[in-house]
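A, B, ... follow the sequence lines: proteins, then strands. Residue 1 opens every chain.
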Amino acid sequence: MRAFTYERPADVASAMKAASQPGASFIAGGTNLLDLMKIDVEQPTHLVDISRLPLREVGETADGGLRIGALVSNTDLAADQRVRQRYPVLAMALLNGASGQLRNQATAAGNLLQRTRCPYFYDVAMPCNKRQPGSGCAALAGFNRMHAILGASQACIAVHPSDMAVAMAALRAEIEVQTPAGLSRKVPIAELHRLPGQNPERDTTLARGELITAILLPPPPAGRQTYRKVRDRASYAFALVSVAAIVDTADGKIRDARLALGGVAHKPWVPKEAERELVGAAADAGSYEAAARAATREARTYPHNEFKVPLTERLVARTLSDLATGG
Amino acid sequence: MTSSPHTITRRVLGIASVVTAMFGRELQAQSMPSSSRNGPAKSDVRLTVNGQTHDLALDPRTSLLDALRDHLGLAGTKKGCDHGQCGACTVLVNGVRLNACLSLAVAREGDSIVTIEGLAADGKLHPLQEAFVKHDGFQCGYCTPGQICSAVGMLDEIQRGVPSAVGDLAAAPQASSVEIRERMSGNICRCSAYPNIVAAIMETQGKTEGRAG
């Protein structure tokens, strides 16, 4: 690990100032950052420890939603009764991610900002445009079984690893961001993470020195919610494909549907066309299968991940069907 | 332990460390192991481990795991992968189980840390330690301290009502075999002593109250 200096500021303003120096990085739970520092993928020269800033509350908002402090641990967020009752898709996604130990340490904002687990990103001996812009993408001609089928580019086919962010995308969360100038702005979660394009080194649209202070959930949507994840082992593994689904049905018709997919793209992937096809359609297998096909219509596969297309379609169709029938 | 550890400002730490590095190196070197001579600036940190307070001057890169093993001589906590994947380094921090390899020691100032060495009390093994012996919950034993510390934290999580991926979100969790396997998935046992580990943990239900570090 490269040498760094360390400080633990007492408030957000001091933290913002400290993080403005070149080479500085915020650290909270550290479960991803320290891991990457150990293998030289991340090389901050100054760590600004924000883990004890007062951003640990889950509170109600005036519009009937929730405001989740950036530093609420994954465990505490999943255990919050309001999250379990009103946003079960979020609790389920959190509990399907990582391990008990990691969930205790990892924070909500850190979960959003965790980096891809593409093995070529982790291997500093290999080309990787995300780690070293311009060096190439070893995954394109490599072992790309875990990689993206949607929204990728020739520069990068990595996927975002978060489960929590997928649920938040389905819930249409907003991210509250503090700017170095001391202003606060809100970013819809769909606009937080980027597609790789020609700049895969940038995971998000956040500017240097900006700090996520909270995640805002709108009032809980009508209908049933669930999170389903397919992975190589029963627990403690990243998703091959996952889906967060919220479906509201009445009188045999679908009134509203919100979907987000994990393990398929550089960001939590909202299949807009599938959602549009579902709204107003009959609540039956034909509609669910059509929506599942719509979700993967733009898919592009690589030699080892062709299986993700049928897997995604079956997962989406089955999840929608189970939700509609209360399964 | 300091009176209000969570309000300590460490803004000046970097500067202080640099000054130490510039002017204090010779003085420090006499009391430091040779491997850390001429190393980067040190940070002062007070760690509370198994009820004892230790004042250390550590390279900020030192993980909690390395601080425990290499600086405090508490080698019961094991280094497996050093990347948060195996759970061998699991300790309890303020009663909550964490991977010590993914935590910086300097960030643990003021926290109460309990390691495998701190679980036995009054000359008696912790009920989970007894149960692991009784049920042969290991073969090589390397993962065992992490398994036991993790199990202590895990049972406390169940008592506090923390849900899991295999349980009902609306109901109070139970320490069933299915739940224990899911909740202990962050602790790998390459000898695959899992059935005995699960049996040991199940036997201690209800016996560990108030002993979660």
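Contact record, V106(B) with R8(A): O-NH2, 2.9 Å, taken as the closest heavy-atom pair. Contact record, R61(B) with A3(A): NH1-N, 3.5 Å, taken as the closest heavy-atom pair. G100(A) approaches R97(B) most closely through the heavy-atom pair CA-NH2, 3.6 Å. In terms of heavy-atom proximity, L95(A) sits nearest to E182(B) at O-OE2, 3.9 Å. Counting all heavy atoms, side chain and backbone alike, Q101(A) lies closest to N99(B) at CB-OD1, 3.4 Å. Nearest heavy-atom pair across L102(B) and T31(A) is CD1-O, 3.5 Å.
Here the straight-line distance linking atom OH of Y122(A) with atom NE2 of H83(B) works out to 8.5 Å at 0.5 Å rounding. Separation of atoms SG (C101(B)) and CG (D35(A)) is listed at 7.5 Å; rounding is to 0.5 Å. Separating the CZ atom in R183(B) from the OG atom in S99(A) is a distance of 13.0 Å, to the nearest 0.5 Å.
Atom CD of Q21(A) has more than 12 neighbouring heavy atoms from other residues, nucleotides or ligands inside a 6.0 Å radius. Annotation: Q43(A), atom CD; neighbour count of heavy atoms from other residues, nucleotides and ligands within 6.0 Å is above 12. No more than 12 heavy atoms of other residues, nucleotides or ligands lie within 6.0 Å of CZ in R318(A), so this atom counts as exposed by the packing criterion.
Of the possible donor and acceptor atoms, one in the side chain of R52(A) sits under 3.5 Å from a partner among the backbone N and O of A107(B). A distance-only check finds a donor-acceptor pair linking the side chain of K38(A) to the backbone of D82(B) [under 3.5 Å].
Only the backbone of S164(B) has a heavy atom closer than 4.5 Å to any heavy atom of chain A. In this structure, chain B has no heavy atom under 4.5 Å from any part of L94(A). For D49(A), the part sitting under 4.5 Å from any heavy atom of chain B is the side chain, from C-beta outward, and nothing else. Residue contact with chain B, scored on non-hydrogen atoms closer than 4.5 Å, involves the side chain of L47(A) exclusively.
When side chains are defined from C-beta on, L104(B) counts as touching F4(A), because their heavy atoms get closer than 4.5 Å.
Listed options L98(B), T90(B), V162(B) were ranked by heavy-atom pairs under 4.5 angstrom with chain A; first place goes to L98(B). Comparing S185(B), A165(B), P163(B), G186(B) by heavy-atom pairs within less than 4.5 Å of chain A, the highest count is held by P163(B). Looking only at heavy-atom pairs under 4.5 Å with chain B, the residue among R2(A), M92(A), M37(A) that has the most is R2(A).
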Practice problem: Start with the C-alpha distance between V96(B) and Q105(A), add both sets of side-chain angles, then the distance that settles side chain to side chain contact (heavy atoms under 4.5 Å, CB included), and finish with yes or no. | Solution: CA-CA 9 Å; V96(B) 171; Q105(A) 192 161 353; over 6 Å; no
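Listed by sequence position, T75(A), A78(A), A79(A), R84(A) are the residues of residues 68-85 of chain A in contact with chain B, using a 4.5 angstrom heavy-atom cutoff.
Side-chain contact, N104(A) with E157(B): a donor N or O sits under 3.5 Å from an acceptor N or O.
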